[in-house]
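Encoded as structure tokens, the structure appears first; notes follow it.
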Amino acid sequence: MSTVLQPAGAGNRRRIWRNAGAILGVGIVGFITLVAIFAPWLAPYDPFTIDLGRRVIPPMWMEGGTPANILGTDQLGRDYLSRLIYGARVSMIIGVATIITSGIIGTFLGVMGGFYGGRIDDAVVFAITARLSIPVVLVALAVAGLLGTSFTLVILVLGLLLWDRFAVVARSTTMQIRNLDYVAAARCAGCSPMIVLLKEVLPNIATHLAVVATLEMALAILLEAALSFLGLGVPPPLPSWGLMISEAKEYMFFSPWVIMIPGIALFILVLGVNLLGDALRDMLGTDLSR
């Protein structure tokens, strides 16, 4: 009687593709990513072109709407669909750049503390505790108020404030695997600590960090939208979804769609990222003992 061996994780992958939430999350994030990449070719108009003669035109399905502006125009006559498409690019760039920055910082600190222990671990724990005592939104508001608003500054501020979860997860998982057989075998074979970290430790904690990255990406997108709504995030005229909501708040009672459209887009993106995180958790969940 023969036995068919399947690659590790094959069953998990099959379960994911039978999970409607996972498919929805992958589809949403994939679609918005493609929209962000091909924004110059998808946007029907220049998102920065102002036409005061066409201010606050409703979407085409509402009374007064026109097919020339499918989602209408904003308070300055700019095409809302074009700004929404370019807003996806702003949100995705900030989300990805933030998790790269915070991921590098948090993973480095967590792996160093978990692998070496002792005073290094004490210093890492102190850094994590100090970071957790700092309110992210308050610090971001203070920095933006002191240094002004810019696209790069938003990425740097969020990246330097959202590394704690990476550090906690990297530290705890590294502590679990640092004394396992394959790590000990690498040490006995004469591998340097750097080689052990790069070839044995990091590949085995990457699955956990990938899930953390999706959670932090969703948080970064929401924080950017909140800062932009308060006027301390992405500076105008960049088409950030949070800034679009902020600029439209004066018209919310007369033309509620100007707030609803970017708000729904923001909700869908964050929902998709969180569903993708759940899918990654199911697919990448592995036993640390190999």
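Any value given below was found using the heavy atoms of this structure, including those in side chains, with hydrogens, waters and symmetry copies removed.
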Kindly say whether Leu84 contributes a backbone atom to a donor-acceptor pair with the side chain of Trp241 at under 3.5 angstrom?
yes

Answer whether the closest heavy-atom distance between the side chains of Phe126 and Arg131 falls below 4.5 Å.
no

Backbone of Ala170 reached by a side-chain donor or acceptor of Thr173 within 3.5 Å
yes

dist Leu276:CG -> Leu271:CG (nearest 0.5 Å) comes out at 11.0 Å

For the CG atom on Leu222, are there more than 12 heavy atoms of other groups (residues, nucleotides or ligands in this structure) within a distance under 6.0 Å?
yes

Do Leu141 and Leu230 have side chains that get closer than 4.5 Å, going by heavy atoms?
yes

Under 4.5 Å between side-chain heavy atoms, counting indirect links through other Ile/Leu/Val/Met/Phe/Trp/Tyr residues: same cluster for Leu138 and Leu161 or not?
no

What's the shortest heavy-atom distance between Pro203 and Leu197, and which atoms?
CD-O, 4.3 Å

Co-membership, hydrophobic cluster, residues Met62 and Ile57, 4.5 Å side-chain
no

Verify the neighbour count for atom CD of Glu250: are there more than 12 heavy atoms of other residues, nucleotides or ligands below 6.0 Å?
no

Give me the atom names and distance for the closest heavy-atom approach of Asn274 to Ala218.
ND2-CB, 4.0 Å

Would you say Tyr45 and Arg83 are linked by a side-chain donor-acceptor pair, where the criterion is simply a distance under 3.5 Å?
no

Can you tell me how far apart CG (Leu42) and OG (Ser82) are? Round to the nearest 0.5 Å.
10.0 Å

With rounding to the nearest 0.5 angstrom, report the CD1 to CH2 distance, Ile104 to Trp163.
14.5 Å

Let me confirm one number: the CD1-CD1 distance from Ile221 to Ile99, rounded to the nearest 0.5 Å.
9.0 Å

If I take atom CG from residue Asn204 and atom CG from residue Leu209, how far apart are they, to the nearest 0.5 angstrom?
11.5 Å

Students should find that the hydrophobic cluster of Leu52, defined by side-chain heavy atoms under 4.5 Å apart, otherwise consists of Ile50, Leu76

Would you check, one step at a time, whether the test side-chain contact (heavy atoms from CB on, under 4.5 Å) holds for Val211 with Thr207?
CA-CA 7 Å; Val211 178; Thr207 56; over 6 Å; no

Can you tell me if Glu224 and Ser228 form a side-chain donor-acceptor pair at under 3.5 Å?
yes

Around atom CZ of Phe31, are there more than 12 heavy atoms of other residues, nucleotides or ligands at under 6.0 Å?
no

Just how far is it from atom CE of Met112 to atom OG1 of Thr174, taken to the nearest 0.5 Å?
8.5 Å

Do Val125 and Arg171 make a side-chain contact, defined as non-hydrogen atoms from C-beta onward lying under 4.5 Å apart?
yes

When clusters are formed by joining ILVMFWY residues with side-chain heavy atoms under 4.5 Å apart, either directly or through shared neighbours, do Ile134 and Leu158 land in the same one?
yes

Salt bridge or not for Glu200 and Arg178, using N-O below 4.0 Å?
no

For residues Thr98 and Glu216, is any side-chain donor paired with an opposing acceptor at under 3.5 Å?
no

Are the side chains of Leu109 and Phe166 in contact, using a 4.5 Å heavy-atom criterion?
no

Heavy atoms only: give me the nearest Pro239-Tyr86 pair and the separation to one decimal.
CG-CB, 3.4 Å

Tyr116 atom OH, neighbour heavy-atom count above 12 within 6.0 Å
yes

Measure across Arg89 and Pro40 and return the closest heavy-atom pair with its distance rounded to 0.1 Å.
NH2-CD, 3.2 Å

Any chain of hydrophobic side-chain contacts (each under 4.5 Å) joining Leu147 to Leu227?
yes

For side-chain contact (heavy atoms from CB on, under 4.5 Å), just list the numbers for Arg54 and Asn69, CA-CA rounded to whole Å, side-chain angles, deciding distance to a tenth of an Å, and then say yes or no.
CA-CA 10 Å; Arg54 299 177 56 83; Asn69 302 103; 2.3 Å; yes

Lys249 side-chain N/O to Ser246 backbone N/O, donor-acceptor pair under 3.5 Å
yes

Could you report the tightest heavy-atom contact between Ala248 and Val258, atom names first, then the distance?
CB-CG2, 3.4 Å

Are Leu215 and Leu266 grouped together when hydrophobic residues (ILVMFWY) are joined by side-chain heavy atoms under 4.5 angstrom apart?
no

Would Thr73 and Tyr80 count as a side-chain contact (heavy atoms from CB on, under 4.5 Å) here? Give the steps.
CA-CA 5 Å; Thr73 60; Tyr80 227 46; 5.9 Å; no

Residues Leu238 and Leu243: closest non-hydrogen pair is O-CD2, 3.3 Å

Can Thr107 and Leu202 be said to form a side-chain contact (heavy atoms from CB on, under 4.5 Å), step by step?
CA-CA 9 Å; Thr107 301; Leu202 284 177; 4.0 Å; yes

Salt-bridge test for Arg78 and Asp46: reply yes if a basic N is under 4.0 Å from a carboxylate O, no otherwise.
no

